[in-house]
There are 4 protein chains.
Amino acid sequence: MKEDNNTNKKMSKSEENKLLKEGKLFEAAYDLFTSKGINNTAISEIVKKAGVAKGTFYLYFQDKYDIVDLIVVRKSNTILIEAMEEVIKSGNKGFVDSVIMFVDYIIEVLRHDKKLLKLIHKNLSWGLFDSAFRNIKQYDNARRIIYYFIDELEHEGITKDEAEKILFMIVELTSAIVYSSIILKEPDEIQNMKPLLYKTIRKIIQN
Amino acid sequence: MKEDNNTNKKMSKSEENKLLKEGKLFEAAYDLFTSKGINNTAISEIVKKAGVAKGTFYLYFQDKYDIVDLIVVRKSNTILIEAMEEVIKSGNKGFVDSVIMFVDYIIEVLRHDKKLLKLIHKNLSWGLFDSAFRNIKQYDNARRIIYYFIDELEHEGITKDEAEKILFMIVELTSAIVYSSIILKEPDEIQNMKPLLYKTIRKIIQN
Amino acid sequence: MKEDNNTNKKMSKSEENKLLKEGKLFEAAYDLFTSKGINNTAISEIVKKAGVAKGTFYLYFQDKYDIVDLIVVRKSNTILIEAMEEVIKSGNKGFVDSVIMFVDYIIEVLRHDKKLLKLIHKNLSWGLFDSAFRNIKQYDNARRIIYYFIDELEHEGITKDEAEKILFMIVELTSAIVYSSIILKEPDEIQNMKPLLYKTIRKIIQN
Amino acid sequence: MKEDNNTNKKMSKSEENKLLKEGKLFEAAYDLFTSKGINNTAISEIVKKAGVAKGTFYLYFQDKYDIVDLIVVRKSNTILIEAMEEVIKSGNKGFVDSVIMFVDYIIEVLRHDKKLLKLIHKNLSWGLFDSAFRNIKQYDNARRIIYYFIDELEHEGITKDEAEKILFMIVELTSAIVYSSIILKEPDEIQNMKPLLYKTIRKIIQN
DNA sequence: GATGAATGAGAATTCATTCAT
DNA sequence: TATGAATGAATTCTCATTCAT
């Protein structure tokens, strides 16, 4: 009698297996995309590396770009949450400093994972980000972080609308500098760009 | 000694022909890249549209990405120069205002040529820009513009090094906002982003 | 113990279910074959439309062509019987007129169900027809119709062998004209082909 | 000096080569289609057999069905012309006898080339036939044959319209009987079907 | 310089069928 | 009986690049 079929705690073997395969494909794709680039990675390589059949790929993903999006969103989500945890852990230190700490955490992560940085830079559009965070339960935490920042800016006497734009600008500016300075070393190393970036962020936030 | 190289007026027929073919290929590629995207444009389409043979393409360009770079650099160069001419034409109005006018001109051009914006956004890296402007005689004017801005910043008491970074930040911030607001309408239309952008540029330049 | 197995009225639940599933598959396949064509219909689509699992298909049918045959034979059988009923209902009017009435009924059905016509035309071979009608109890009525025609021809003084051939020729000629004139409108609409067809049938039967 | 480049008699080497490749592909495809069936023949097999690269196939044909059509039309054309030549060679013997001789010649060809018969039967639609013969210069002779028959029928006092239909009926009836009796041996061998078929053709033509 | 036929590796995708549950 | 995840062979088609003319 398979009575415990319905409980949340236990998964049927087939469900376990499903997750396993999807995970293997995810990991294989991530490794290949970051090391060889998306365009140079064939699905046949992904499945080979994952140790599954070609058809299996299409059981879980529509095509190559489907899995790219998934990777980018999941990884971004993870970093955001980790960054927020770091901020919280460090105790209250005023909004502006929190923002800078948050940004700094993300920069450090990406500085040490250049491949991820490249992948995110080329494939993370605001739209993708937005739609994933808006609609998918799994990304609740990331969404909350964004709303937290916007709320705080409102407390500084900025309208919600303006607050969103400011957040957007900080994100885009950071993103551009991070990519260019880490990957291209242009116009300078990230460590030498940070002071100016943080100064600029302060200027942007503070009226 | 290529003696007739110096005369401006006359070109040998074969040289004329050469420029003609290269120009046709350039135009055809530009049209196709902007309308169908780079990935979806095959070289066979470019040569067909240009009315030349397939092999001819390889006489002028290494591969597809070679011509992409060329298009992007040439078009950017043109816009920069036009923007500068506009600034000069309007007379002296202080450095900060000149910068904003310069930026505004570029934004307006791209606002009305979204296809070009897309092409530039996806394919204009600082590195490409830099190396083209540094090394190729043809882009002298654009290089001069950049040095002009850096000089001006130095006059404001900023070190040359810092000046370069500031310029870079303005460029990147503008670029990110232009693309996102014009193409994705996120977080808002470009017209509604401009005030914040210009305010931020002022903040960045002014100590 | 499955006691109610013997009664005609009641079927065991599993038997009911069996027929239900087979019926659903049959209907789904028929719809898809007629609307998308056989080659463009995948088994996965059939089972999806039928609302059963993929494996279930193989419980009832060997493969796609198995179900095609079944559909064609069943549908043809139905039409033949309806046509005969029509002839009988109209009372005795001589053999030749009966044949023409029979043919006419079938033409009218197919004229209003072009998709079925296409399916039958491409997949109804004399061999399939013959073997189904000879061997399967279910098609007793259709077989009787054929023998009735042959008997009648024999009464006209034609040998049984010759009679079969004549029947065959009428069927093939009708079939070719029906398809070509209804589907391709070539060489003319079916309504304009009918007089000549019926005239020819008369000529073929009458010595 | 390549003076003889323009003459009709000599072909440039590349043109010769082109015809050679196309011919090889044609032959390879014909062999494979007739021996294995169209559905079971992959393009990779065709090119392998023809000894050319895969891409070359797509230089000459759109896809598999493009070459099928070509094969069918060319082969049909050849047979029609041969049949007509036979009729002419045998001298004048009255229209009806000529028609029967014509039909008989075709039957004999197909009786000895069952594979071609299968291919033609499944893929020769009146539409294909018609459009090829109407539009392509190459098939002038076949078109003339058809018009010759229609003219002759008109001389028998039949309207042009009616004549076309009669021709169509003869073609379809013959085609159906040929296929069924040769391939399926149903309802009888072609030799035993011929008398009835020719009798019927006579009936159809003669008022 | 110019041509364009030929190449052939390789990419994406499909799908009938199996089989453990 | 019924399921549906997994398989992987098979297929079509593309396209950058070469090279003999």
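Here is the naming used below: chain letters follow the sequence lines, and residue numbers restart at 1 for every chain.
Of all nucleotides listed (dT17(F), dT18(E), dT7(E)), dT17(F) comes nearest to the side chain of Asp63(B). Out of dT3(E), dT18(E), dT7(E), the shortest distance to the side chain of Ala53(D) is found at dT7(E).
Distance alone, capped at 3.5 Å, is enough to place a donor-acceptor pair between the Lys64(D) side chain and the Ile38(D) backbone. No donor-acceptor distance shorter than 3.5 angstrom exists from the side chain of Lys75(A) to the backbone of Ile120(A), with no hydrogens or angles considered. Side chain of Lys118(C) to backbone of Gly37(C): no donor-acceptor contact under 3.5 angstrom is found.
Following rounding to the nearest Å, Leu59(A) (CG) and dT7(F) (P) show an atom-to-atom distance of 9 Å. With rounding to whole Å, Asn40(B) atom CG is found 17 Å from dA11(E) atom P. Whole-Å rounding puts the Lys54(C) NZ to dT21(E) P distance at 19 Å. We find that CG of Leu25(D) is positioned 9 Å from P of dT7(E), with the value rounded to whole Å. The CZ-P distance, from Phe57(B) to dT3(E), rounds to 14 Å in whole Å. Spacing between atom OH of Tyr60(D) and atom C1' of dT7(E) amounts to 12 Å, rounded to whole angstrom units. Residue Phe61(A) contributes atom CZ, which lies 16 Å from atom C1' of dA12(E) at whole-angstrom precision. One can place OH of Tyr65(A) at 11 Å from C1' of dA12(E), the figure rounded to the nearest angstrom.
Considering only side-chain N and O atoms, Thr56(C) lies under 4.0 angstrom from the phosphate OP1 or OP2 of dT3(F). Contact annotation: Lys64(D) side-chain N/O to dT11(F) OP1/OP2 distance is not under 4.0 Å.
Mapping Gly55(D) and Ala42(A) onto DNA chain E via the closest heavy atom, the residue that lands nearer the 5' end is Gly55(D). Both Ser44(B) and Gln62(D) lie near DNA chain F, and the one whose nearest nucleotide falls closer to the 5' end is Gln62(D). Nearest-nucleotide positions on DNA chain E place Glu45(A) closer to the 5' end than the other of Glu45(A) and Glu45(C).
Interatomic distance, CZ of Phe61(C) versus CD1 of Ile67(C), reported as 3.5 Å (0.5 Å rounding).
Lys48(B) contributes no side-chain N or O that forms a donor-acceptor pair with the base of dG4(E) under 3.5 Å.
dT21(E) is paired with dA2(F) under the Watson-Crick or G-U wobble criterion, all donor-acceptor distances under 3.5 Å. Partner assigned to dG10(E) is dC13(F), using Watson-Crick or G-U wobble distances below 3.5 angstrom.
Residues Tyr30(A) and Phe26(A) keep their aromatic ring centres 6.0 Å or farther apart.
Across all strands shown, Val52(D) has heavy atoms under 4.0 Å from sugar-phosphate atoms exclusively, and none from any base.
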